[in-house]
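Order of appearance sets the numbers: ligands from 1, and atoms from 1 within every ligand. Heavy atoms only: backbone and side chains are in, while hydrogens, waters and symmetry mates are out.
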Amino acid sequence: MPKFIKVELDLVNINQNDIIKLQPQIISQDKSLLEKTWAWNDFLGWIDVEKIISKEELKEIIETWKYLKQNFEKIVVIGIWGSYLWAKAYINALKNNFDEEQIIFAWYNLDGEYLKDLLKFLENKNYAIIIISKSWTTLEPALTFRMLLEQLNKKYSNDEVSKRVIAITDAKKWVLKELSIKKSFKTFKISDDVWWRYSVLTPVWLLPIATAWYDIEKMIDWAKDMKKYIDENYDIFSNPAYIYAWTRNILLQNGKSIEILASFDLKLKFIAEWWKQLFWESEGKDWKWIFPTNLDFTTDLHSMWQYVQQWARNIFETIFIVENDNVNLKIPFIENDDDKLNFVFWKTFDFVNKSALNWTIKAHKEGMIDIIKIIIPEISEYYLWQLIYFFERACSISAYMLWVNPFNQPWVEAYKKYMMTNIKN
Ligand code: PA5
């Protein structure tokens, strides 16, 4: 029997009856998500993990990553946020902090300085490109791709360039698809019924992840485990997605409109970035939202912590707690204790880090801050896939509870449209 991610609560002042009253709403909204019977159900393809990718597609992805891995010194992934942040976050969580990666995520923005440095860095390297854009309405990846493609075109024949580009885009014949057909680039599709930031178990995420040597065949099963666990549990006090959704909802009703995701594990830094993007674009609409932000502890115990403890009580904190750090790095004993640190000798870094965590929670309680604990057994591939499915499901339920459509982002689209059409004027 596998272990699952748990959600535990330390809430200041919540009325049990308010929670019980929400039970029918949560269950019926989750049911309408699963059965795709409510409004906004055009982009729910991600929910059926088992159907999202076919065996043939999976085989093709595996063949492609082997080809990329063996033939190129660097693989540059171009895209922006919802189109690949999880892949970046996932690889970051699992890799050695100082490993030089074969994969480069060229994701930043429209900063010419960054692109100039990237072009210089790649100039004499043998590299391939994975370009990800579902809509091709985003100028950031589109322009970055144009610049890199130009560099490749100057160095190689058309035939050779075509072997160096993989395009992941919408199945319809939109610009990137047409361009890929014309130039003979290999393509993978993002299904029509999957919204961008929910496209986790599609080539969008799987190809870059596979390219970094992770076992994508198993990933589908791991995400399925979490789906089954959520699907089969109608108890709002033990289903992790339900607990997270109702707690946020009740806290918002009680005026807690800022959620801070805190982590004591550096490897979860980009997972927090991904989480922010997921909730910002899914829930941040119609003036009803919780504002999600994040802190890296213990670093930020030397900065924003001061503010959190004594700011208005409209804050609540969600904390990642990793049970087993798997490191066992011990602090040595030093003769004479010149640095006066022998008081922690033979303790592990995990012990010291957890002491900071426990102290932080205690101080939060004294400061009347509501706490949601997301308990992760360990940072491993298995639990990261549980985590992603848990958050996607909880985020959609939470948005439904606010009567907000999680599968759009009108102001992001307005910005894209302006950049793609009006900028020339
Ligand atoms: O998550 C989202 O929906 C967005 O952030 C998109 O992923 C992002 O705008 C990129 O879009 P595209 O893949 O069409 O370039």
Legend entry - Within 6.0 angstrom of Met147 CE, more than 12 heavy atoms from elsewhere: no
Legend entry - Enumerated ligand 1 atoms positioned under 4.0 Å from heavy atoms of Trp195: 3 (O)
Legend entry - Asp117/Lys120 ion pair, N-O < 4.0 Å: no
Legend entry - For atom 13 (O) of ligand 1, closest protein heavy-atom neighbour: Ser83 OG, 2.6 Å
Inset, instruction - Heavy-atom contacts with Glu281 under 4.0 Å: which atoms of ligand 1 show up? List them by number with element. - result: 1 (O), 2 (C), 3 (O), 4 (C), 5 (O)
Inset, instruction - Indicate, with yes or no, if the rings of Trp195 and Phe407 have centres closer together than 6.0 Å. - result: no
Inset, instruction - Specify the protein heavy atom at minimum distance from atom 15 (O) of ligand 1: its residue, its atom name, and the distance to 0.1 Å. - result: Thr138 OG1, 2.3 Å
Inset, instruction - From atom 8 (C) of ligand 1, work out which of Lys134, Arg197, Lys416 has a heavy atom at the shortest distance. - result: Lys416
Legend entry - Ring-face cation contact, Tyr127 with Lys74, 6.0 Å cut, 45° max: no
Inset, instruction - Indicate the atoms forming the closest heavy-atom contact of Ser199 with Val194, along with that distance. - result: CA-CG1, 3.4 Å
Inset, instruction - Flag yes if more than 12 heavy atoms outside Glu217 fall under 6.0 Å of its CD atom; otherwise flag no. - result: no
Inset, instruction - Answer yes or no for Ile80: is there a heavy-atom contact with ligand 1 below 4.0 Å? - result: yes
Inset, instruction - Examine the side chains of Lys177 and Thr187 and answer whether a donor and an acceptor come within less than 3.5 Å of each other. - result: yes
Legend entry - Donor-acceptor pair between Asp235 and Asn233 side chains, under 3.5 angstrom: no
Legend entry - atom 14 (O) of ligand 1: the protein heavy-atom neighbour that sits closest, reported with distance to 0.1 Å: Ser135 OG, 2.5 Å
Inset, instruction - Please identify which atoms of ligand 1 are closer than 4.0 Å to at least one heavy atom of Gln409. - result: 2 (C), 3 (O), 4 (C)
Legend entry - Identity and distance of the protein heavy atom lying nearest atom 5 (O) of ligand 1: Gln277 NE2, 3.0 Å
Inset, instruction - Report yes or no: does Glu140 have a heavy atom closer than 4.0 Å to ligand 1? - result: no
Inset, instruction - Could you tell me the residue and atom name of the protein heavy atom closest to atom 12 (P) of ligand 1, and the distance to it rounded to 0.1 Å? - result: Trp196 NE1, 3.2 Å
